[in-house]
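Beneath this line is the structure, given in structure tokens, with notes to follow.
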Amino acid sequence: MTKPHEYYMSQALELAREAADAGEVPVGCVIVRDGAVIGRGRNRREEKQAVCSHAEMEAMAQANAALGSWRLDNCALYVTLEPCPMCAGAILNARIPKVFYGARDSAFGACGGVTNLFMEQFPHRPALVGGILAEDCQAVLAEFFEKLRQGKPST
């Protein structure tokens with residue numbers, strides 16, 4: 001039996017909350033294949049001081065290791081915030097066929113927020129579904145940035 005999209009997004013939300021607790025922008029991601037989570041990631045840019053340490057990139061690296069392949073075909077990616085251009089490009093290159101996101105990103109979103117790379121004429125274009133647990137995903141982000149503006153720790 002296939003689990004509902006909310007189940008996987010709730011796992012991504014747990015990772016987003018972990019990111020917030022660590023002082024990172026709260027974004028979490030899981031990659032699923034055949035009903036099993038094979039990759040998990042959360043933002044670690046501050047921790048690693050690496051621009052590529054977005055939740056999606058971390059989850060894709062873990063999924064690559066789990067499968068022993070750079071190709072992530074037959075997988076679904078669940079992320080709490082619409083992917084940025086870097087992550088959308090990596091999703092395209094990894095051949096991920098399905099992407100589900102929570103909150104829209106009107107500043108850096110590359111799946112409709114600013115532009116939609118998945119609508120361009122690339123040979124592999126994933127199916128895209130936004131708005132999965134969107135209110136919960138947005139609330140985690142809003143709380144994090146409100147605490148940041150107030151100068152309070154995010155925990």
Side-chain angles (χ1 to χ4, degrees), residues 3-33 36-66 70 72 75-119 125-155:
K3 295 181 177 122
H5 299 303
E6 291 80 6
Y7 173 80
Y8 297 114
M9 190 62 75
S10 68
Q11 290 190 35
L13 266 166
E14 288 177 32
L15 291 162
R17 290 183 185 103
E18 285 178 23
D21 290 345
E24 301 276 357
V25 173
V27 179
C29 179
V30 297
I31 297 177
V32 178
R33 186 171 188 180
V37 175
I38 61 166
R40 290 177 169 77
R42 65 169 180 81
N43 271 355
R44 295 180 188 274
R45 286 188 312 174
E46 299 299 330
E47 173 188 329
K48 293 185 175 183
Q49 287 300 298
V51 70
C52 292
S53 290
H54 284 200
E56 299 96 322
M57 302 297 275
E58 299 276 319
M60 284 187 273
Q62 196 176 89
N64 291 146
W70 62 268
L72 298 177
C75 293
L77 182 143
Y78 292 83
V79 63
T80 58
L81 182 64
E82 176 186 349
C84 72
M86 174 182 67
C87 294
I91 290 164
L92 287 165
N93 279 286
R95 313 297 199 266
I96 296 173
K98 296 177 186 172
V99 174
F100 302 90
Y101 71 86
R104 166 93 16 127
D105 186 350
S106 60
F108 286 95
C111 301
V114 175
T115 189
N116 189 342
L117 290 179
F118 297 166
M119 295 296 292
R125 289 177 292 197
L128 178 66
V129 178
I132 309 291
L133 298 181
E135 290 179 11
D136 295 334
C137 294
Q138 186 60 44
V140 170
L141 287 159
E143 180 182 346
F144 175 81
F145 286 112
E146 180 61 29
K147 286 180 179 178
L148 195 63
R149 281 189 292 278
Q150 294 174 359
K152 295 179 182 175
S154 59
T155 55

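On a predicted model such as this, the values are computed, not experimentally measured, just so you know. Hydrogens, waters and symmetry mates are skipped; everything else that's a heavy atom, side chains included, is used. Quick note: residue numbers are just sequence positions, from 1.
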Return the minimal non-hydrogen interatomic distance between Val99 and Pro83, and the atom names on each side.
-> CG1-CG, 4.4 Å
Nearest-0.5 Å distance, CE of residue Met9 to SG of residue Cys29 = 8.5 Å
Are the side chain of Thr80 and the backbone of Ala12 linked by a donor-acceptor contact shorter than 3.5 Å?
-> no
Trace of the side-chain contact (heavy atoms from CB on, under 4.5 Å) decision for His54 with Arg45 | CA-CA 7 Å; His54 284 200; Arg45 286 188 312 174; 3.5 Å; yes
Determine, stepwise, if the pair Leu15 / Arg40 fulfils side-chain contact (heavy atoms from CB on, under 4.5 Å).
-> CA-CA 8 Å; Leu15 291 162; Arg40 290 177 169 77; 3.9 Å; yes
Any donor-acceptor N/O pair, Arg95 side chain to Asn93 backbone, under 3.5 Å | yes
Is Glu146 salt-bridged to Arg149, going by a charged N under 4.0 Å from an acidic O?
-> yes
Closest heavy-atom pair, Ala103 versus Gln138, reported as atoms and distance to 0.1 Å, is CB-OE1, 3.5 Å
With distance as the sole test, does Asn43 use its side chain to make a donor-acceptor pair with the main-chain N or O of Pro26 at under 3.5 Å?
-> no
Asp105 and Ala107 have their tightest heavy-atom pair at OD1-N, 3.0 Å
Taking all heavy atoms of Cys137 and all of Gly102, pick out the closest pair and write down the distance.
-> SG-CA, 3.8 Å
With a 4.5 Å heavy-atom cut-off, do Leu72 and Leu77 have their side chains touching?
-> no
Say you draw a straight line from CD of Glu6 to OH of Tyr78; how long is it, rounded to the nearest 0.5 Å?
-> 9.0 Å
Answer yes or no: are there more than 12 heavy-atom neighbours, outside Gln150 itself, under 6.0 Å from its atom CD?
-> yes
When rounded to the nearest 0.5 Å, the distance separating CD1 of Ile31 from CD1 of Ile91 is 8.0 Å
Would you check, one step at a time, whether the test side-chain contact (heavy atoms from CB on, under 4.5 Å) holds for Tyr101 with Leu81?
-> CA-CA 6 Å; Tyr101 71 86; Leu81 182 64; over 6 Å; no
Flag for Glu58-Gln62: side-chain donor and acceptor within less than 3.5 Å = no
Rounded to the nearest 0.5 Å, what separation is found between the CG atom of Leu92 and the SG atom of Cys87?
-> 11.5 Å
Can you tell me how far CE of Met60 sits from SG of Cys75, rounded to the nearest 0.5 angstrom?
-> 11.0 Å
What heavy-atom pair brings Ala88 and Cys111 nearest, and what distance separates the two atoms?
-> CB-SG, 4.5 Å
Is there side-chain contact between Val37 and Gln11, with at least one heavy-atom pair below 4.5 Å?
-> yes
Is there a donor-acceptor pair under 3.5 Å between the side chain of Glu82 and the backbone N or O of Gly130?
-> no
After noting the C-alpha distance and the side-chain angles of Met86 and Met57, does the key distance pass the side-chain contact (heavy atoms from CB on, under 4.5 Å) rule?
-> CA-CA 9 Å; Met86 174 182 67; Met57 302 297 275; 4.2 Å; yes
Closest non-hydrogen atoms of Leu117 and Gly89, given as atom of the first, atom of the second and distance, are CD1-N, 4.5 Å
Looking at CG of Asp136 and CG of Leu13, how far apart are the two atoms once the value is rounded to the nearest 0.5 Å?
-> 6.0 Å
SB check Arg42 Glu47 (cutoff 4.0 Å) = yes
